[in-house]
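As a basis for the values below, the full set of heavy atoms in this structure was taken, side chains included, without hydrogen atoms, waters or symmetry mates. Quantities reported herein were computed from a predicted structural model and do not represent experimental measurements.
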Amino acid sequence: MNDEYDVVIAGAGPAGAQCARDLAARDYDTVVLETEVEDEFPRQSNKSTAGTFPSMMSAFGIPDDVVMNYTENVVLESPNEYYVRQQPGAVLEFAEFKRYLVADSQENGAEYIFDAHVTEPITENGTPIGVRYNGSEEVYADVVIDATGPSAPLAKKLGVSDLERQNHAIGIEYELEGIEIDRQGYADLTDAMMLRLDHDLAPGGYSWIFHTGEDTAKVGLCYIQNDSHQHYARDDFSIDDYLQHWLDTDPRFADASRLEGKQHRGSAHIQMPGQLYTDRFMAIGDTVPTVDPLWGEGINKCMRSGRAAATAADACLKHGELEPTAENLEVYETLWHRDVAPNMDSRLLMTELLYLASNERYDRLMADLSDLDDDTLAKANKGSKRAILQLLSPGDLPLLATFARQRLGR
């Protein structure tokens, strides 16, 4: 094993592995440090619902054999209503997907060191020149990239990450069989990805059913530990209690059972990102989080972030003339705001408004969506302020006042 590389990446998730894919394809000496052991990867980090869309599959050359089910519709549910939109998608087997990204980058020459617990950046005059892991092991590189998610040990010690606990989102998911996918009184979820807005099930968040074929699906929920969650949450309920409550009360799960070993937990941060880079360093993926208000698309965002970082590193390294200083890595931030998270401030605003609304407002939203052009919802999800305003009504003035008070309080 070498100890000097062009690029060292901490984390082999979608962001880190995709960055390694792109860099290795350009023939850069790239090493990825991954906490998990190779034989079990990704047992501990198999946390995503793994719903995505054809644009991501084609953009990153993802093969069909990591797909559990191709879907035809997206469904939004509220406590008493639902809205169906035709939108092709795919539910991935997340573990197989992550293994594919690693294997593909390895075939192109990327090196992986598993069971490597990253602890801190190695610096020289305050500038990162490598990474220390497993206590005393060291690797050196021209560019250091943190793709470790919310833990962000490199970004935090370099003063780049400013993730805040009050914006922390947590989620839990089971894979179930025996679900009544087409239950009378509910939307037909055959070949569909469904998101449900219902504070009785996920206060300050949402729950989901992603059909994976026949009578099986991924079923879970996520909420943000913020003011909205505190307002709607039950003091005696944990996130596990909420999921069990849903399974116990929704008739679609009356005969359902959990698939052994198919439980996933995860976390993320829902907030505007802070600094993205500094001299010889970039933070990618959930280390600098972003989110789409409705569809999430965390995988796509992470991989686009990894690709943007690879492009920025390539711009500095390909001729051997540009030092990867903060000034020369600034292109990463430009690409991030253009390709990864355009209109981030507006999308975050819509996310906060969405989870602040009441269950009654969710029911009205489903009816409103049926009367609006499909493009309105898509544009609002992408942060169009005009489209967001089209989803509001005069009756939302108290909601907007509450939202304004909360923002001023922060």
Side-chain angles (χ1 to χ4, degrees), residues 4-33 56 59-61 101 104-105 108-111 118 121-124 126-131 139-149 152-162 272-290 298-344:
E4 294 187 5
Y5 297 85
D6 294 319
V7 182
V8 56
I9 302 169
Q18 180 57 45
C19 190
R21 285 178 83 199
D22 285 349
L23 288 167
R26 293 178 169 97
D27 294 324
Y28 290 111
D29 290 331
T30 304
V31 63
V32 182
L33 306 175
M56 192 284 282
F60 294 98
L101 295 179
D104 191 58
S105 59
N108 282 321
E111 184 177 335
V118 170
I122 302 169
T123 60
E124 185 176 272
T127 299
I129 58 172
V131 175
V139 292
Y140 296 85
D142 293 323
V143 177
V144 175
I145 295 175
D146 192 338
T148 58
L154 305 179
K156 287 177 180 176
K157 291 188 177 181
L158 291 169
V160 172
S161 176
D162 61 349
M272 284 290 291
Q275 190 177 347
L276 301 173
Y277 65 98
T278 187
D279 289 335
R280 300 171 65 115
F281 177 84
M282 289 176 282
I284 66 175
D286 285 339
T287 304
V288 281
T290 181
I299 292 174
N300 190 5
K301 300 301 180 188
C302 285
M303 294 178 72
R304 286 184 180 275
S305 180
R307 173 156 288 176
T311 300
D314 177 56
C316 289
L317 301 176
K318 62 182 175 181
H319 299 304
E321 298 173 354
L322 287 178
E323 287 292 321
T325 61
E327 181 181 4
N328 291 329
L329 290 175
E330 186 177 4
V331 65
Y332 171 56
E333 182 165 13
T334 301
L335 293 172
W336 195 92
H337 285 287
R338 188 193 74 184
D339 300 336
V340 182
N343 302 317
M344 177 64 181

> Rounded to the nearest 0.5 Å, what separation is found between the CG atom of D142 and the CG atom of D6?
6.0 Å
> Could you go step by step and tell me if Y28 and D314 meet the side-chain hydrogen bond (donor to acceptor under 3.5 Å, both in side chains) rule?
CA-CA 9 Å; Y28 290 111; D314 177 56; 2.5 Å; yes
> Indicate yes or no: at least one non-hydrogen side-chain atom of R280 is less than 4.5 angstrom from one of T325.
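They are not in contact (no side-chain heavy atoms under 4.5 Å apart), so the answer is no.
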> Please report the C-alpha distance between C19 and I284 in whole Å, then the side-chain angles of each, then the deciding distance to 0.1 Å, and finally whether the side-chain contact (heavy atoms from CB on, under 4.5 Å) criterion is met.
CA-CA 9 Å; C19 190; I284 66 175; 4.1 Å; yes
> Locate the shortest heavy-atom distance separating L154 from P121; write the atom from each residue and the value.
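Of all heavy-atom pairs spanning L154 and P121, the closest is CD2-N, 3.4 Å.
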> Rounded to the nearest 0.5 Å, what separates atom CZ in R26 from atom CG in N108?
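Between atom CZ of R26 and atom CG of N108 there are 11.5 Å.
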> Any non-hydrogen side-chain atom of T287 less than 4.5 Å from a side-chain atom of M282?
no
> Working to the nearest 0.5 Å, report the span between CD of E327 and OH of Y277.
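Nearest 0.5 Å value for the CD-OH distance: 9.0 Å.
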> If you take all heavy atoms of P153 and D146, which pair is closest and at what distance?
N-OD2, 3.7 Å
> When rounded to the nearest 0.5 angstrom, what distance separates CG in D27 from CG in L317?
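The CG atom of D27 sits 12.5 Å away from the CG atom of L317.
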> Evaluate the criterion side-chain contact (heavy atoms from CB on, under 4.5 Å) for residue pair V160 and F281; output intermediate values, then yes/no.
CA-CA 9 Å; V160 172; F281 177 84; 3.9 Å; yes
> Can you tell me if D279 uses its side chain to pair, donor with acceptor, with the backbone of T127 under 3.5 Å?
no
> Apply the test side-chain contact (heavy atoms from CB on, under 4.5 Å) to residues E111 and V8: give CA-CA distance (whole Å), side-chain angles for both, the deciding distance (0.1 Å), then the verdict.
CA-CA 10 Å; E111 184 177 335; V8 56; over 6 Å; no
> So which atom in S105 and which in A24 form the shortest heavy-atom distance, rounded to 0.1 Å?
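Shortest heavy-atom separation between S105 and A24 comes out as O-CB, 3.9 Å.
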> Hey, is D104 close enough to R21 for a salt bridge, meaning N to O under 4.0 Å?
yes
> Evaluate side-chain hydrogen bond (donor to acceptor under 3.5 Å, both in side chains) for Y332 paired with S305, printing each intermediate quantity in order.
CA-CA 9 Å; Y332 171 56; S305 180; 3.1 Å; yes
> Over all heavy atoms of both residues, which pair between R304 and D339 is shortest? Give the atoms and the distance, please.
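Closest heavy-atom pair between R304 and D339: CD-O, 3.3 Å.
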> Show the nearest heavy-atom pair for residues L329 and P324, with the distance to one decimal.
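Looking at all heavy atoms of both residues, the closest pair is CD1-O, 3.5 Å.
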> Holding to side-chain hydrogen bond (donor to acceptor under 3.5 Å, both in side chains), I want the full list of residues that pass it with T123, two or more places apart in sequence or in another chain.
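Once residues adjacent in sequence are excluded, T123 has no partner under the side-chain hydrogen bond (donor to acceptor under 3.5 Å, both in side chains) criterion.
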> Side chains of M56 and I299: does their closest heavy-atom pair fall under 4.5 Å?
yes
> Ignoring hydrogens, what is the shortest heavy-atom contact between V331 and A312? Give both atom names and the distance.
CG1-CB, 3.5 Å
> Please lay out, stage by stage, how Q18 and R307 fare under the test side-chain contact (heavy atoms from CB on, under 4.5 Å).
CA-CA 7 Å; Q18 180 57 45; R307 173 156 288 176; 3.3 Å; yes
> Can you tell if the side chain of I9 reaches within under 4.5 Å of the side chain of L33, non-hydrogen atoms only?
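The answer is no; the side chains never approach within 4.5 Å.
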> Going from CD on E4 to CD1 on I129, what distance comes out if it is rounded to the nearest 0.5 angstrom?
9.5 Å
